[in-house]
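These notes are about the structure you will find just below.
Predicted model only: the values in this text are computed from it and were never measured. Chain letters run A, B, ... following the sequence lines, proteins first, then strands; residues in each count from 1.
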2 protein chains.
Amino acid sequence: MTVSRAFKADSLVSPETREAILKAAEDLGYVFDSTASNLRSQKSDFVAVTIPSINNANFADTVGGLSDTLAKRGMQILLGYTNYDIDEEERLIEQLLRRKPQALVVTGGSHTARARRLLQTVAIPIIETWDIPADPIDHFVGFSNMAVMRDMVDHFVASGCRRIAFIGGDVQRDSRGSERRLGFIAAMQAHGLDASRLIAAGPPPISMREGANAMAKLIEIYPDTEAVVCVSDLAAYGALTECRRLGVPVPERFSIGGFGNYEIGEVCVPTLTTINAFAREIGEQTAQLILDILDNAQPVGNVRISTQLIVRDSSRQLQLVP
Amino acid sequence: MTVSRAFKADSLVSPETREAILKAAEDLGYVFDSTASNLRSQKSDFVAVTIPSINNANFADTVGGLSDTLAKRGMQILLGYTNYDIDEEERLIEQLLRRKPQALVVTGGSHTARARRLLQTVAIPIIETWDIPADPIDHFVGFSNMAVMRDMVDHFVASGCRRIAFIGGDVQRDSRGSERRLGFIAAMQAHGLDASRLIAAGPPPISMREGANAMAKLIEIYPDTEAVVCVSDLAAYGALTECRRLGVPVPERFSIGGFGNYEIGEVCVPTLTTINAFAREIGEQTAQLILDILDNAQPVGNVRISTQLIVRDSSRQLQLVP
DNA sequence: GTGAAAGCGCTAACAT
DNA sequence: ATGTTAGCGCTTTCAC
């Protein structure tokens, strides 16, 4: 028992005893066994997290924010990738729950029926992120993927564009991507504009190569397009390079807008107009929400992230009449 | 006991009993507790992995390869970030070992003295990756970070460049980065060339912004430079954009080479000359090595990854005399 | 094919 | 400040 106490910083052991114990442990190569500790105390200090892909700077930033904030309280992330597939997500959730995490963070608000049931049944806080679910399971920290596309369309319309196209992934797999597509369509219709210029870039992840291919297709099918809304900065950057290769000037010939405020967008030439979704803050706020719930401190419940349109050189600017 | 067996696919329970048990479990919302299972069976099905940063496509690919290969055998990754800091790595290793992983994968071959001792003492396979350590702790799966820079320098020299510079991070923190710097210096000296054009781009991670700033500095300090070796494609891409901004043509005025075969390098204009280190394969081979060791199958022990120079448009090509 | 007994390495609860 | 007892939920082992 004294040995056990010696390993908890805050418990009552005489300084000499503790020092002797810790020294002996170090000499013996003893490593504390949290498996046993977790079983007895019925807490794992794990927070399980599912993201669509590890290889995406936005989700990596969210995980970074989560991980850093939780680490301050000795909690650890248990990470899994769904590969943008809700069936895979269901399998993953089931597997993660066996590890008895103290909270579960999922990306997005659409899940299989069985996954929903699992999440509703289990007695830990569930946080859906990167979305504002129509019917939240428990808590959420996110923003409307439809509204962000409205902001981008509004910007293009205000700067004088009318013939606007959308480049995104196939509708089925990535729910955030398909909501952005729906947001584009709704925003165009709200302006009384034609919302049919939709280029499907294949199954997610839609990255640079797919964006470039989609831009080539767009120029072929709808050559008189004035502006292009892309599902992410990676696709937008691909579109930009395709224009460069074809000698088409941006933004003079096409305005291009992305999403996610990736590093590439502020370094490339021209710099990319985009929307900042504050990926790292999503992670930090999610972590703080979890800590508040576990502490029984009045948790905020849900967090609506205010996204921010960042206008850069890839889109035509609003002309002010002198 | 029968319930326990019913949850193991391969054990002997009558089909009717198993079905009844699984149905009851589903109805009750029962979730298998691997904490208890792990304690009793003394195996966690965890493989602990430390990487410098989650937000890096190379390391993400390695983790993806590891994760996918291990998942086929029901094993799960326990991931931690060192932030390019070996003291942080030591803390992280200690924390991860408490979870009783069945193997530990670290990035790089330089560690604190205490971390080395911990790794040597603990009775699980240790695999160092992304490096060929001078004094391996146990196993390794990697390549020589010095040799890759020699390949790049050789390419530049063969294409006629003599005044060649290096852009990389500060020496202390990132051991792979500093080995690449040493490799650059050694290769230059082997050719009898001046190896003093070294631009320090700050503490890692060295990304696009840092690469652009370093390029600006380089042009100012060593304006007659002919070729630039960058510690990674991200830095190289930043350097490229800085040239574009300044109206300096690449590769006519500067040849630029990167490292890591990031997606950006094959999409940007001009495309980037780089070195493929097969990040995903490093993860897959590491996972296979771990599985072989745990199975007592004759493990290969160590894997030397053959890197590959990829010559693209950002470097001058060798002129063949007709 | 199923079950009974014991125990993995910790810690909660209750001594002293 | 330290010790005793019991038990977390599984699986190993041995029986039948």
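In this structure, B:R280 pairs ionically with B:D68, as a charged nitrogen and a carboxylate oxygen lie closer than 4.0 Å. The pair B:D45-B:R73 fails the salt-bridge criterion, with no side-chain N (NZ, NE, NH1 or NH2) lying under 4.0 Å from an Asp/Glu carboxylate O.
Counting only heavy atoms from C-beta on, B:L39 has its side chain closest to C:dG9 among C:dG9, D:dA1, D:dT11. In this structure, the nucleotide among D:dG9, C:dC10, C:dA12 sitting nearest to the side chain of A:S41 is C:dA12. Nearest to the side chain of B:D33, among C:dA5, D:dG9, C:dT11, sits D:dG9.
Atom C1' of nucleotide C:dC10 and atom NZ of A:K43 are separated by 13 Å, given to the nearest angstrom. Distance A:R99 CZ to D:dC10 P: 14 Å, rounded to the nearest Å. Between the CD atom of B:E19 and the C1' atom of C:dG1 there is a distance of 17 Å, given to the nearest Å. Straight-line distance from the CG atom of B:L97 to the C1' atom of C:dG9: 17 Å, rounded to whole Å. Between B:M1 atom CE and D:dC16 atom C1' there is a gap of 15 Å when expressed in whole angstrom units. Taking atom CZ on B:R98 and atom C1' on C:dC10, their separation rounds to 12 Å, with Å as the unit.
Of the possible donor and acceptor atoms, none in the side chain of A:H139 sits under 3.5 Å from a partner among the backbone N and O of A:I127. Using modelled atom types, one side-chain atom of A:E128 and one backbone atom of A:I137 make a donor-acceptor pair closer than 3.5 Å.
In this model, the phosphate group of D:dT11 is approached by a side-chain N or O of B:S37 to a distance below 4.0 Å at OP1 or OP2. One finds a side-chain N or O of A:T17 lying less than 4.0 angstrom from the OP1 or OP2 phosphate oxygen of D:dT2. A close approach under 4.0 Å does occur between a side-chain nitrogen or oxygen of A:K8 and OP1 or OP2 of C:dT11. Between B:S4 and D:dC10 there is no side-chain N or O to OP1 or OP2 distance below 4.0 Å. The shortest distance between the side-chain N/O atoms of A:Q42 and the OP1/OP2 oxygens of C:dA12 is not below 4.0 Å.
If you check distances only, the side chain of B:R18 never reaches the base of C:dG1 with a donor-acceptor pair under 3.5 Å. You won't find any donor-acceptor pair under 3.5 Å spanning the side chain of B:R40 and the base of C:dG9, going by distance alone.
Mapping B:R5 and A:V31 onto DNA chain C via the closest heavy atom, the residue that lands nearer the 5' end is B:R5. Judged by closest nucleotide on DNA chain C, B:T2 is the one of B:A36 and B:T2 placed further toward the 5' end. When each of A:K100 and A:S14 is assigned the nucleotide of DNA chain D bearing its nearest heavy atom, the one mapping closer to the 5' terminus is A:S14.
Between A:F7 and A:F32, the angle of the ring planes lies from 30° to 60°, which puts this pair in the tilted group.
A:F7 comes within 4.0 angstrom of nothing in the nucleic acid, heavy atoms only.
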